[in-house]
Amino acid sequence: TLALERDLREKETLLPILDLDGTQRFLDAGCGTGRWFESVRGRVAYYHGVDASGGLLAYARSTFGEDDTHRFTELSADELSLAALGETTTFDRVLCAGLLMYLNDDEVVETLHRFAAVSATTARIVLREPTGTENRLSLVDHYSADLESSYSSIYRTDGEWRDMFDATLVPAGFALSEARDLFASADLNNRAETRQRIYVLDRRA
């Protein structure tokens, strides 16, 4: 129930921020099973979902198929390029929701560089990431009963995110235009030590 409510609130909040009018080329980095595809279908000209998990992408393809308006590609975020995606045209919108926490710092820096490289001269990057409320937190081989598996993740602080943007996206012409909490309700944040944050970075011609 909590996961469904968080997903609903996330989409209600981020869709207006994405500012889609049906003309955008949309890159969904860490698309998983394609949970964002249904929400943006009809609002974008073209959708490309990318994920490192072949199993999740197989589910996305079996559910949504592929045609000349949307595709799914198995690829690590830190290996993104137009060539690797089989694309020749850059993207107006890049969404990355809850992926970067699973990458180490070097991989995140490389991924942010890659986001800039595949973005159009006028573009918006929207990131949704859990952050450490006061301190950087790391989980190593943490078992999740919900996922029925173990995972490792890093909850970076707001200051760390801003430093990473200054080192990667800002020199590429992006400016941080918005940074705020995703959920107003403490119940949806779920943990006192972390909170979900939204970062919006814009590049203007």
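Keep in mind the model is a prediction, meaning the values are calculated, not measured.
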* Nearest-0.5 Å distance that lies between atom CZ in F64 and atom SG in C31 -> 10.0 Å

* What pairs of residues pass the ring pair (Phe, Tyr, Trp, His ring centres under 6.0 Å) test when at least one of them lies in residues 112-139, not counting sequence neighbours? -> none

* Do side-chain atoms of S177 reach the backbone of V200 as a donor and acceptor pair under 3.5 angstrom? -> yes

* If Ile, Leu, Val, Met, Phe, Trp and Tyr residues are connected whenever their side-chain heavy atoms lie under 4.5 Å apart, and connections chain through other members, are I125 and I17 in the same group? -> no

* Given side chains that start at C-beta, do those of R180 and T13 come closer than 4.5 Å, heavy atoms only? -> yes

* To do: Taking the side chain as every heavy atom from C-beta outward, state whether L85 and H48 have any atom pair closer than 4.5 Å.
  => yes

* Over 12 non-hydrogen atoms of neighbours within 6.0 angstrom of CZ in R61 -> yes

* To do: Decide, yes or no, whether a salt bridge links R197 with D181 under the criterion of side-chain N to carboxylate O below 4.0 Å.
  => yes

* Under 6.0 Å between the ring centres of Y59 and F72? -> no

* Asked: Centre of F91's six-membered ring, under 6.0 Å away, within 45 degrees of the axis: is that where NZ or CZ of R25 sits?
  -> yes

* Asked: Tell me, which pairs form a salt bridge (charged side-chain N to carboxylate O under 4.0 Å, His left out) where one or both residues lie in residues 116-137, sequence neighbours left out?
  -> E10-R128, D105-R136, R124-D202, R136-E160

* Just wondering, do L137 and I154 contact through their side chains at under 4.5 Å, heavy atoms? -> no

* Is there a path of hydrophobic side-chain contacts, each under 4.5 Å between heavy atoms of I, L, V, M, F, W or Y residues, that connects L82 with V44? -> no

* Under a 4.5 Å cut-off applied to non-hydrogen side-chain atoms, are I198 and L127 in contact? -> no

* To do: Nearest 0.5 Å please: distance from the CG atom of L201 over to the CG atom of L169.
  => 5.5 Å

* Taking the six-membered ring where the residue is Trp, are the ring centres of F165 and F174 under 6.0 Å apart? -> no

* Ring-ring centroid check F37 H70, cutoff 6.0 Å -> yes

* **Non-hydrogen atoms of D92 and A120 that approach each other most closely** => OD1-CB, 4.1 Å

* **R114 and D78: CA distance, side-chain angles, deciding distance, salt bridge (charged side-chain N to carboxylate O under 4.0 Å, His left out) verdict** => CA-CA 7 Å; R114 300 276 178 150; D78 59 343; over 6 Å; no

* Asked: Any idea which heavy atoms bring A84 and L75 closest together, and the distance?
  -> CB-CD2, 3.8 Å

* In terms of hydrophobic clusters joined by side-chain contacts under 4.5 Å, are L57 and W36 together? -> yes

* Asked: Do the side chain of R203 and the main chain of S119 share a donor and acceptor less than 3.5 angstrom apart?
  -> yes

* Structure fact -> dist L18:CG -> S39:OG (nearest 0.5 Å) comes out at 10.0 Å

* Test item: L20 and V40 side chains (from C-beta on) under 4.5 Å apart, heavy atoms -> yes

* Asked: Rounded to the nearest 0.5 Å, how far does CG of L27 lie from CD of E87?
  -> 8.5 Å

* To do: Taking all non-hydrogen atoms of both residues into account, name the closest pair between K11 and P16 and its distance.
  => O-CD, 4.3 Å

* Should T69 and D67 be marked as a side-chain hydrogen bond (donor to acceptor under 3.5 Å, both in side chains) after you check the CA-CA gap, both sets of side-chain angles, and the distance that decides it? -> CA-CA 5 Å; T69 68; D67 58 30; 2.5 Å; yes

* Asked: Between the side chain of Q24 and the main-chain N/O of D21, is any donor-acceptor distance below 3.5 Å?
  -> yes

* To do: Please test E110 against E107 for side-chain contact (heavy atoms from CB on, under 4.5 Å), starting from the C-alpha separation and ending with a verdict.
  => CA-CA 5 Å; E110 182 62 28; E107 290 169 335; 5.7 Å; no

* Asked: Taking atom OG1 of T73 and atom CG of D28, what is their separation to the nearest 0.5 Å?
  -> 11.5 Å

* Are L56 and Y102 connected in a single hydrophobic cluster, I mean Ile/Leu/Val/Met/Phe/Trp/Tyr linked by side-chain heavy atoms less than 4.5 Å apart? -> no

* Polar side chain donor-acceptor pair, D51 to S53, under 3.5 angstrom -> no

* Please walk me through it: do V108 and R156 pass side-chain contact (heavy atoms from CB on, under 4.5 Å)? -> CA-CA 11 Å; V108 170; R156 299 171 176 89; 3.6 Å; yes

* Between CG of L100 and OG1 of T131, what distance do you get to the nearest 0.5 Å? -> 12.5 Å

* Asked: According to a 4.5 Å side-chain heavy-atom criterion applied to Ile, Leu, Val, Met, Phe, Trp and Tyr, with indirect links allowed, do M101 and L112 form part of one hydrophobic cluster?
  -> no

* To do: Sequence neighbours left out, what passes salt bridge (charged side-chain N to carboxylate O under 4.0 Å, His left out) with R162? Give chain and number order.
  => D158

* If every non-hydrogen atom of A60 is compared with every non-hydrogen atom of G34, which pair is closest and at what distance? -> CB-N, 4.1 Å

* **Within 6.0 Å of OH in Y46, more than 12 heavy atoms from elsewhere** => yes

